[in-house]
Amino acid sequence: MPSADTDTKPSWADQVEEEVPGEDDTLPPSTEEINGDTKIVTDYKLNEDGKKVKCVRTFKIEKLKASRTVAARKNWPKFGQSQNDKPGPNPATTAIAEDVFMAFSTTKEETLNQTEEDPLKKLGQQRIVQCRVCKGDHWTTKCPYKDTLEPLQKEEEDKTKAAKPEPPKPDGKTGKYVPPSMRDGAGRGRGESMQPRRDEGATIRVTNLSEDTRESDLQELFRPFGTISRIYLAKDKVTGQSKGFAFINFHRREDAARAIQGVSGFGYDHLILNVEWAKPSGT
DNA sequence: GTTGAGCGG
């Protein structure tokens, strides 16, 4: 940066960068002192008013490998254009432009990988779901015996509970939440208010729908075949654009079968509809 | 050519 013609004809830019030439020699030299893992750098400079200012900076020397190599490099003898400079940084050639903050993520990543690997191994070894009713490889709610086996199991549970009731607490509460349907005085016939579960196996899939078909259109189209319990028109969640297929649930399987017979191949909105039995989702 | 979303544990 400094050139031979600075003292003969300095440009205004050089003057700004190097401060006032010639004044540097009156300032004491910078010193570096290392005390354990602390480094103290003392240097002198002129402030905006031209007054001498002593500047003391302390650094903690990190134990990281990268910091050690940087620290070792600082002990190298000066070379090249700076080999005749005084000890310490020369303000004419050294500038701290800006602080750069670095996020060292390596240690975090390492620990993350370690914790991620173990559960993954476990997942490969063990089943993810187990039915509480039949111990099968599916969710309890999907159990084929849910409607037959589970009520029986609950009755067994109730019997054992009745055999040894929990001792009531002084305030008369057991401390456990009891849903209204299970409280004393609740109607005996559990589930009498529950309507039968949605008819599985009475779902048909309609494809090749034009994209402006709406659920009400499907309702009209399929109502003649029997009671419809549910209509699902697949749409893009964001745009609401129809995906061109739908699921129709009938209460009775016979109605669904007749709907397949009646509507499959039906010309609708310049397209030929395709209607089949729907497979259970997720497979 | 096109088979949903939600509920758990």
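Letters A, B, ... mirror the listed sequences (proteins, then strands); counts begin at 1.
- Whole-Å rounding puts the A:Glu215 CD to B:dA5 P distance at 13 Å.
- For the pair A:Arg230 CZ and B:dG6 C1', the computed distance is 10 Å after rounding to whole Å.
- Atoms CG (A:Asp137) and C1' (B:dG8) sit 16 Å apart, rounded to a whole Å.
- Both A:Thr207 and A:Lys237 lie close to DNA chain B; mapped to their nearest nucleotides by heavy-atom distance, the more 5′-ward contact belongs to A:Thr207.
- Between A:Phe247 and B:dG4, a base-stacking contact is recorded: ring centres under 5.5 Å apart, planes less than 30° from parallel.
- Applying the 5.5 angstrom centroid cut-off and the 30 degree plane-angle cut-off, the aromatic ring of A:Tyr232 is not stacked upon the base of B:dA5.
- The CG atom of A:Leu271 sits 12 Å away from the C1' atom of B:dT2 (whole-angstrom rounding).
- For A:Thr141, counting side-chain heavy atoms from C-beta on, the closest listed nucleotide (B:dT2, B:dG8, B:dT3) is B:dG8.
- Ranking B:dT2, B:dG6, B:dT3 by closeness to the A:Lys279 side chain, first place goes to B:dT3.
- Aromatic ring pairs are classed by plane angle as parallel below 30°, tilted from 30° to 60° and perpendicular above 60°; the pair A:Phe250 and A:Phe222 is perpendicular.
- Rounded to whole Å, the distance from CD1 on A:Ile248 to P on B:dT3 is 16 Å.
- In this structure, A:Glu276 places its CD atom 13 Å from P of B:dG1, rounding to the nearest Å.
- Distance CG (A:Leu233) to C1' (B:dT2): 13 Å, rounded to an integer number of Å.
- A:Asn274 comes within 4.0 angstrom of no nucleic acid atom, judged by non-hydrogen atoms across all strands.
- Contacts of A:Thr207 classified as side-chain contact (heavy atoms from CB on, under 4.5 Å), with partners at least two apart in sequence or in another chain: A:Arg205, A:Phe245, A:Asn274.
- Considering only heavy atoms from C-beta on, A:Glu215 comes within 4.5 Å of A:Lys235 through its side chain.
- In this structure, the nucleotide among B:dT2, B:dT3, B:dG8 sitting nearest to the side chain of A:Trp139 is B:dG8.
- A straight line from CH2 of A:Trp277 to C1' of B:dT3 spans 15 Å, rounded to a whole angstrom.
- Within 6.0 Å of CD in A:Gln153 there are more than 12 heavy atoms belonging to other residues, nucleotides or ligands.
- Applying the side chain to side chain donor-acceptor pair (under 3.5 Å) definition to pairs two or more places apart or across chains, those involving residues 255-264 of chain A are A:Arg252-A:Asp255, A:Asp255-A:Arg258.
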